Number of protein chains: 2
Amino acid sequence: MSISSRFAVAIHILALLDINKEGRNTSEFIAGSVNTNPVVIRRVIGLLGKAGLVHTSPGVGGASLARQPQDINLLEVYRAVQNDPPGELFAAHDKPNPKCPVGQNIQGTLDTVFRRAESAMENELAKVTLDQIVFDLVRGDR
Amino acid sequence: MSISSRFAVAIHILALLDINKEGRNTSEFIAGSVNTNPVVIRRVIGLLGKAGLVHTSPGVGGASLARQPQDINLLEVYRAVQNDPPGELFAAHDKPNPKCPVGQNIQGTLDTVFRRAESAMENELAKVTLDQIVFDLVRGDR
DNA sequence: TCACCTGTAACCATTGTAGTTACAATTACT
DNA sequence: AGTAATTGTAACTACAATGGTTACAGGTGA
């Protein structure tokens, strides 16, 4: 399966918060841009808030970036909205037969390979900042 | 979500086929090592067969590697058992609002980033051959 | 022939996701 | 103070992917 679209939605939200930092960003307004339900937006913003990426205020509030866009990279966003802990992009098969020479050692062998692959992906995400995303978005608008 | 454990199972199967190339590798025998149901094994072997990684013979058959273990890399295995087409590790959010400057361009921007990250992961998988996996397995056994 | 095995269909339980409704709590504005 | 707007969260639904299981038709080799 694929990585949940929460990640894409989260990036969309953060970019919008930066571009529209003067306006009032209600979950309904954001939902209009993302084209989904306001509750979905609030859920994602909740995750981003817990991760310290946005500030939210209850009541008639709205959200705003908690940091400068050049100080937010996509790996942070990824970790914020992906509830699986790091190191579990690839699922292991559980309880291989310990009596079999393959089953006995396969877990460790796979773990090494899987971690390397996952890290390679995450390193690419870490390279990209929200700033760059916004720049690319605005540039595409011309 | 994470990448299905079919990938881990597939690697397990291939390693076993190489190590036990003298024996008769029935789906039931393999299932014993993987610790799952024989039908699950047959399903995965079916995918590996379609991808040209193993030879299978119906009836009283069993499976065997179709290529030398040093000529099989994990990216091939990954693609064989992952039914999502390449480029879809990350899910996009569908139909962002085209009237919004963010919604209008976000898809393309994300696509570039996502593809880069996915490729980085796949490149790591491509580096590892079945041969290396087996070597590591056997080494761990001492 | 017969025991064995594969390939595949069918069904089920579980899980994660996203959309939706509803509502208490909070806040800003007048 | 009163009111309208908005958040945070719970609860429910629908849907898709996964992995386990049973069942069985058909191929294979002794």
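Worth knowing before you read on, the calculation uses all heavy atoms, side chains too, and leaves out hydrogens, waters and symmetry mates. Nothing here was measured: the structure is a model prediction, and the numbers come from that model. By convention in this document, chain letters (A, B, ...) are assigned in the order of the sequence lines, proteins followed by strands, and residues within each chain are numbered from 1.
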Checklist line | Spacing between I41(B) atom CD1 and dG19(D) atom P, to the nearest angstrom | finding: 11 Å
Note to self: Distance check needed: dA4(D) P versus E28(A) CD, whole Å only.
What the structure shows: 17 Å
Next item on the list: Between R42(B) and R42(A), name the one whose nearest nucleotide on DNA chain C is closer to the 5' end.
Entry: R42(B)
Margin query: I need the residues from residues 29-37 of chain A with at least one non-hydrogen atom less than 4.0 Å from DNA chain C; give them sorted by number, or say none.
Written below: T36(A), N37(A)
Next item on the list: Please determine, by modelled atom types, if D136(B) and T109(A) share a side-chain donor-acceptor pair under 3.5 angstrom.
Entry: yes
Next item on the list: Report the distance from atom CD1 of I3(B) to atom C1' of dG19(D), rounded to the nearest whole Å.
Entry: 17 Å
Next item on the list: State which residues pass side chain to side chain donor-acceptor pair (under 3.5 Å) with N97(A); sequence neighbours excluded, sorted by chain then number.
Entry: none
Margin query: Rounding to an integer number of Å, can you tell me how far Q82(B) CD sits from dT18(D) C1'?
Written below: 11 Å
Checklist line | Candidate nucleotides dG20(D), dA18(C), dA10(D), ranked by approach to the side chain of V40(B) - the nearest | finding: dG20(D)
Next item on the list: Looking at every strand, decide which applies to R6(A) at a 4.0 Å heavy-atom threshold: base, sugar-phosphate, or nothing.
Entry: sugar-phosphate
Margin query: Side chains of H12(A) and S33(A): any donor to acceptor distance under 3.5 Å?
Written below: yes
Item checked: Shortest side-chain distance from V39(B), nucleotide among dA23(D), dT18(D), dA22(C) -> dA23(D)
Check: To the nearest angstrom, how far is I45(A) atom CD1 from dG8(D) atom P?
Finding: 8 Å
Note to self: Please report the distance, rounded to the nearest Å, between CZ in F90(A) and C1' in dT18(D).
What the structure shows: 17 Å
Next item on the list: Verify, without hydrogens or angle tests, whether N35(B) (side chain) and K95(A) (backbone) share a donor-acceptor contact under 3.5 angstrom.
Entry: yes
Item checked: Nearest-Å distance for atom pair NZ/C1', residues K95(B) and dG19(C) -> 12 Å
Next item on the list: For dT6(C), take OP1 and OP2 only and decide whether either is under 4.0 Å from a side-chain N or O of S57(B).
Entry: no
Note to self: Less than 4.5 Å apart, side chain to side chain, heavy atoms only: is that true for F90(A) and L110(A)?
What the structure shows: no
Notebook entry, point to check: Side chain of E118(A), backbone of G87(A): donor and acceptor closer than 3.5 Å?
Noted result: yes
Note to self: Less than 4.0 angstrom between a side-chain N/O of T56(B) and OP1 or OP2 of dT6(C), yes or no?
What the structure shows: no
Note to self: Using whole Å, what does the distance between atom P of nucleotide dG20(D) and atom CZ of R43(B) come to?
What the structure shows: 9 Å
Margin query: Would the distance check show the side chain of N105(B) and the main-chain N or O of P101(B) forming a donor-acceptor pair, the cut-off being under 3.5 Å?
Written below: yes
Check: Does D131(A) reach the main-chain N or O of D71(A) with its side chain, forming a donor-acceptor pair under 3.5 Å?
Finding: no
Check: Closest to the P58(A) side chain: dA10(C), dT7(D), dT6(C)?
Finding: dT7(D)
Note to self: Whether R24(A) contacts dT6(D) is assessed here as follows: a side-chain N or O lying under 4.0 Å from the phosphate OP1 or OP2. Is that the case?
What the structure shows: yes
Check: Counting only side-chain N and O atoms of T26(B), is one of them less than 4.0 Å from OP1 or OP2 of dC5(C)?
Finding: no
Next item on the list: Using only side-chain N and O atoms of S5(A), determine if any of them is under 4.0 Å from OP1 or OP2 of dT17(C).
Entry: no
